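This one's a predicted model, so the numbers in the text were calculated from it and none came from an experiment. Lettering follows sequence order; numbering is per chain, from 1. Heavy atoms only: backbone and side chains are in, while hydrogens, waters and symmetry mates are out.
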2 protein chains.
Amino acid sequence: MLAKNDGKEFSNYQFPFLIYIYGVDNTILQGYIKNVSERIPDEDLPLLASCAKYIHVKKGEALVKEGELCRSFFLVEKGYLRTWFNKDGVEINLDFTFEGQFTTSRKSIKNHTPSEVTIEAGEKTSVWIFDLDSINNEFGAHPQIVLFIRRLVVHILMMSEEHSDLFKLYTPTERYQYIEKNNPALLQRISLSQIASYLGVTRETLSRIRAKNH
Amino acid sequence: MLAKNDGKEFSNYQFPFLIYIYGVDNTILQGYIKNVSERIPDEDLPLLASCAKYIHVKKGEALVKEGELCRSFFLVEKGYLRTWFNKDGVEINLDFTFEGQFTTSRKSIKNHTPSEVTIEAGEKTSVWIFDLDSINNEFGAHPQIVLFIRRLVVHILMMSEEHSDLFKLYTPTERYQYIEKNNPALLQRISLSQIASYLGVTRETLSRIRAKNH
DNA sequence: ACCAACCTGTGACAATAATCACAATCTGTT
DNA sequence: AACAGATTGTGATTATTGTCACAGGTTGGT
């Protein structure tokens, strides 16, 4: 049975490290859902919010592991998630997901293939999980939910394009300046070493870029 | 009025260089549409195919220009389309779209903003155009079409992710080898100079990568 | 066949980034 | 306050890529 987020039911969700929160403020969640698309009618928001399960994840614990199938979308309520790829034993950061943002293992969820990436908590993190299988079981008949999931996929893919363009069009220094301007919170919350691979440079190079930028 | 592709009607589509073809073989088009998603029912294919207008584009002519709004999806029947970004006066190739593949200006069509990219024919090219405004006017009531367009957006975005990953994870040499293995047709049909910016290197560097690879 | 325009290969050199090594600084705990 | 462990800054050196210049080859049109 799926938690209804009304404080009256438990979830039997499989992760071993879940901590269930009662009476969480749902209006914030509904606002985050609304951000996915202006075109979601306000009257659908309570139903969509009820699809999500709220969990706590400790720093370093994974929501998706490399090689495992991913069937969920994750919405960060507090803290942040770090998505990384294992290249020859080295972790390459592909994404940081902060409060109010959605993420998932895009290829895994689309193609039903093992995830190539790991998604883990970068600090103590609270997450809303939209699990496709649970939703299908419980809410399969609701067209609003099916439509929301489609919009969510497009939303997440468009967001990730933004970061991709950085690599195709800009030099490492220009990438840093772009983040400085458009996502300064990232620079404040993530360590230089972690940001380096996210920008496609070594930590030494990023340190020097930062030094030249005053 | 929209051409019905049955050879009985003309389109008044606005591009000045259109050549209308009558009695084009629709089964190939339907096959391309089916490639977007296995889940499209076969009985919907004739309707979806009827949304498309068939045009010819001469080499170098643009279907989407930087600064213009893009409201269409393009499916290449023959030839290829080249999508490029103007960086400080230099053309950076972002995408090559070959027979059976779809493309569009993703950000423009999603956000209703001027296109940042230009999409033009790399050689004499035949294209099926799915124009959103025409489709809305003529077929707005058909839920199969609305669903197809959503699937098409996801399909195109997922394809473009493939190319983005090249930049985030691999060196220029590794990118070349990836293309060699996974898209050898591209290397045969596109000139070295054009491929260079697509791989994020200068033409001299790509020439040397190719030389070392035998 | 000829020519002009374009494309490709390659050398010399400059600029940029990676690698290695280590010092300095920061952080959290006791 | 003192310490250990992690993070960051920086110099020296190497490797990679870009820039500039030009030679040779290819292509398409008359």
TODO: Under the side chain to side chain contact (heavy atoms under 4.5 Å, CB included) rule, what do B:K53 and B:F130 come out as? Steps first, then yes or no, please.
DONE: CA-CA 7 Å; B:K53 289 171 285 191; B:F130 294 78; over 6 Å; no
[N] [atom2] sits how many Å from [X] [atom1], rounded?
{"X": "B:K124", "N": "D:dG28", "atom1": "NZ", "atom2": "P", "answer": "15 Å"}
{"X": "A:L206", "N": "C:dT19", "atom1": "CG", "atom2": "C1'", "answer": "16 Å"}
{"X": "B:E91", "N": "C:dC6", "atom1": "CD", "atom2": "P", "answer": "13 Å"}
{"X": "B:K59", "N": "C:dA5", "atom1": "NZ", "atom2": "C1'", "answer": "12 Å"}

TODO: May I ask you to check whether A:F102 and A:F74 place their ring centers less than 6.0 Å from one another?
DONE: no
For nucleotides 10-16 of chain C, give me every protein contact, N/O to N/O, under 3.5 Å, one pair per line with atom names.
residue	atom	partner	partner atom	Å
C:dG11	N7	B:R208	NH2	2.6
C:dG11	O6	B:R208	NH2	3.0

Open item on the list: Taking the side chain as everything from C-beta on, heavy atoms only, tell me whether A:F73 gets closer than 4.5 Å to A:W128.
Closed with: no
Open item on the list: Less than 4.5 Å apart, side chain to side chain, heavy atoms only: is that true for B:P46 and B:Q30?
Closed with: yes
TODO: Count the heavy atoms belonging to other residues, nucleotides or ligands that lie under 6.0 Å from NZ of A:K87, then report whether that count exceeds 12.
DONE: yes
Open item on the list: Would you say A:T202 places a side-chain N or O within less than 4.0 Å of OP1 or OP2 belonging to C:dA18?
Closed with: yes
Find every protein N or O atom lying less than 3.5 Å from an N or O atom of nucleotides 23-26 of chain C, and list the pairs.
none

Task: Listed nucleotide nearest any side-chain atom of A:S193, set D:dG9, D:dT7, D:dG18 - done: D:dT7
TODO: Please check if the side chain of A:R175 supplies one atom and the backbone of A:L199 the other of a donor-acceptor pair under 3.5 Å.
DONE: yes
TODO: Could you tell me how the ring of A:F98 sits relative to the ring of A:Y80: parallel (under 30°), tilted (30 to 60°) or perpendicular (over 60°)?
DONE: tilted
TODO: Begin from the C-alpha positions of B:T97 and B:D95 and carry the test side chain to side chain contact (heavy atoms under 4.5 Å, CB included) through to its verdict.
DONE: CA-CA 6 Å; B:T97 308; B:D95 202 16; 3.7 Å; yes
